[in-house]
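Everything below concerns the one structure shown next.
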Amino acid sequence: MLAAIIAVLCCPSYAVAHLVTTGMGPVYDGIGHLLMTPEDLVAVLALALYAGLRGAVTGRRTMFLLPLAWLAGGIAGSMMGSLPALPVPALSFLVLGTLVAADLNMPDDAISVLAIVIGLVHGFFNGSTLKEGAGVLGLLGIMVMLFILIALASALIVSLKKPWTRIVVRVAGSWVFASGLLMIGWFIRGVR
Amino acid sequence: MCLILLLAVNIFLPLSAFAHVERGQAAGFLSGLQHPWSGLDHVLAMIAVGLWGAQLGNPAMWLLPVTFPMVMSIGAMMGLLGMPLPGIEIGIALSAILLGIMVLGEVRPKLIIAALLVGFFAIFHGHAHGSELPAGQSGLLYSMGFVIATGCLHGIGITIGLIHRWPTGRLALRIAGVFIAVMGVTFLWRALA
């Protein structure tokens, strides 16, 4: 085993430091886009919190539904023209923040529909933004990141057993709601 | 959660390392995070909400910190839309006075009364935050910053308030209530002068 490792280390190959040659740049662009866009990131985390509050089964479903819906929405967005600026993330924040803060018990199917709608809508706007740059590869990067974020965040929430920890999650939901309301205010201010 | 946030703020402190701030996103979040701490009136009132919630116990202990940011955001929205709210500084000062009195007296109204009282003052605090965004900074991140900082202040108040389970702790909290109320009077004096 040791000899094999040494043999591999002694056989140099190209250090593909520049992503241009590997073609992987757009994937990381997509990952970076999600992580650097609070309008999307916070909505995803809020959905993960809610899915986690509802249990492991809901978390698992959301883990798959959201990325797939996001990809579908992204592809649709990349094929259509740019849309006017709309406070879509704000509406996501309001809905998801309320659900988390109130710890509302929705049917599993309704949560699945919610995840799909969130994915389609946010994905659509991502797609129209990324079509000139990272394109579909960027959307794939976003999909991967979504899967990881939902998996980790909802699993963390599912693992919380003590009652006060659920309350902390609900407080976080109220923060998301508050941010969403303020985003609506910023949008109105920008429009006026 | 607050510890993680404090660590995050610490990491973000070297502002010179922010190579690209575009529309001032990083500075917007930090400005928002700092804003509730920038005024002693805000700090004392927010901690008083946490102290009072801890005295009232469940469900007020978590209901107040959950509803406060939501109602505060209504006031903040009014502030950033330029909707006038008369007597903001007076309202903030009165919040410190009344909440201090609630803590001093260990007043236990009905939950709805407590929530309405806290919510009423939340609008004044929110309006002050919403109308004071520094120019050239990211509105969303500023909003997230001050909402999170306000929540952390509540958390500090609740954590301190847990000492009420001991007789000495109950006395200490009532003394804290006196201090908050007295400071509220000085804020009111300054607001009216």
Side-chain angles (χ1 to χ4, degrees), chain A residues 32-33 35-43 45-46 49 53 85 87-104 152-153 156-157 160 162-192, chain B residues 1-5 20 22-23 25-26 28-29 32 50 53 58-83 122 125-127 129-131 133 137-152 154-155 158-159 162:
Chain A
H33 178 84
L35 293 177
M36 301 300 284
T37 308
E39 289 88 348
D40 291 330
L41 183 62
V42 173
L45 290 175
L49 293 185
L53 284 175
V88 164
L91 296 172
S92 301
F93 282 29
L94 288 177
V95 169
L96 292 168
T98 303
L99 289 172
V100 176
D103 199 4
L104 283 172
L152 290 176
L156 174 65
I157 304 308
L160 299 176
K162 296 200 171 140
W164 69 265
T165 52
R166 273 184 95 88
I167 290 169
V168 170
V169 176
R170 293 176 70 172
V171 168
S174 72
W175 295 354
V176 173
F177 174 91
S179 302
L181 199 58
L182 289 162
M183 284 169 75
I184 301 258
W186 291 116
F187 177 79
I188 296 171
R189 183 161 135 163
V191 165
R192 284 201 307 196
Chain B
M1 185 185 291
C2 286
L3 183 59
I4 292 169
L5 283 167
H20 302 287
E22 290 191 48
R23 292 167 292 149
Q25 284 99 331
F29 180 73
N58 284 323
M61 190 159 73
W62 58 263
L63 189 66
L64 297 183
V66 168
T67 54
F68 190 98
M70 297 168 95
V71 180
M72 182 180 71
S73 61
I74 296 173
M77 193 164 141
M78 288 169 63
L80 70 92
L81 290 178
M83 292 167 66
H125 286 270
H127 194 284
H129 294 313
S131 53
L133 169 72
Q137 300 200 354
S138 166
L140 168 59
L141 289 171
Y142 175 84
S143 305
M144 286 169 63
F146 82 71
V147 166
I148 289 169
T150 299
C152 286
H154 289 152
I158 290 172
T159 306
L162 293 175

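These numbers come from the heavy atoms of this one structure, side chains and all, not from hydrogens, waters or symmetry mates. All values derive from a computational prediction rather than experimental measurement. Every chain is numbered from 1 and lettered A, B, ... according to where its sequence line falls, protein lines coming before strand lines.
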Hey, what do you get for [atom1] ([X]) to [atom2] ([Y]), rounding to the nearest 0.5 Å?
X         : Y         : atom1 : atom2 : value
Ser73(B)  : Phe93(A)  : OG    : CZ    : 13.0 Å
Leu80(B)  : Ile184(A) : CG    : CD1   : 11.5 Å
Asn58(B)  : Ile167(A) : CG    : CD1   : 5.5 Å
Leu141(B) : Glu39(A)  : CG    : CD    : 7.5 Å
Met72(B)  : Leu181(A) : CE    : CG    : 10.5 Å
Ser174(A) : Leu63(B)  : OG    : CG    : 10.5 Å

Could you pull out the closest heavy-atom pair between Leu81(B) and Arg189(A), with the gap in Å?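 Scanning both residues, the minimum pair turns out to be CD2-N, 3.9 Å.
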Kindly give the heavy-atom pair with the smallest separation between Gly151(B) and Trp175(A), and that separation in Å.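 Closest pair (atom of Gly151(B), atom of Trp175(A), distance): CA-CZ2, 3.6 Å.
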Interchain contact, Phe68(B) with chain A, by part (heavy-atom threshold 4.5 Å):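 The answer is neither part of Phe68(B).
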Contact between Trp186(A) and Ser143(B) at the side-chain level, heavy atoms closer than 4.5 Å - yes or no?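 Of all side-chain heavy-atom pairs linking Ser143(B) with Trp186(A), at least one is under 4.5 Å.
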Please examine the side chains of Phe146(B) and Leu182(A), heavy atoms only from C-beta on, and report whether any two atoms are closer than 4.5 Å.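 Answer yes - side chains close enough.
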Is it the side chain or the backbone of Val176(A) that comes within 4.5 Å of chain B heavy atoms, both, or neither?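 No part of it gets close to chain B.
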Quick check for you: among Met61(B), Met70(B), Met77(B), which has the greatest number of heavy-atom pairs under 4.5 Å with chain A?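 Between Met61(B), Met70(B), Met77(B), the count favours Met70(B).
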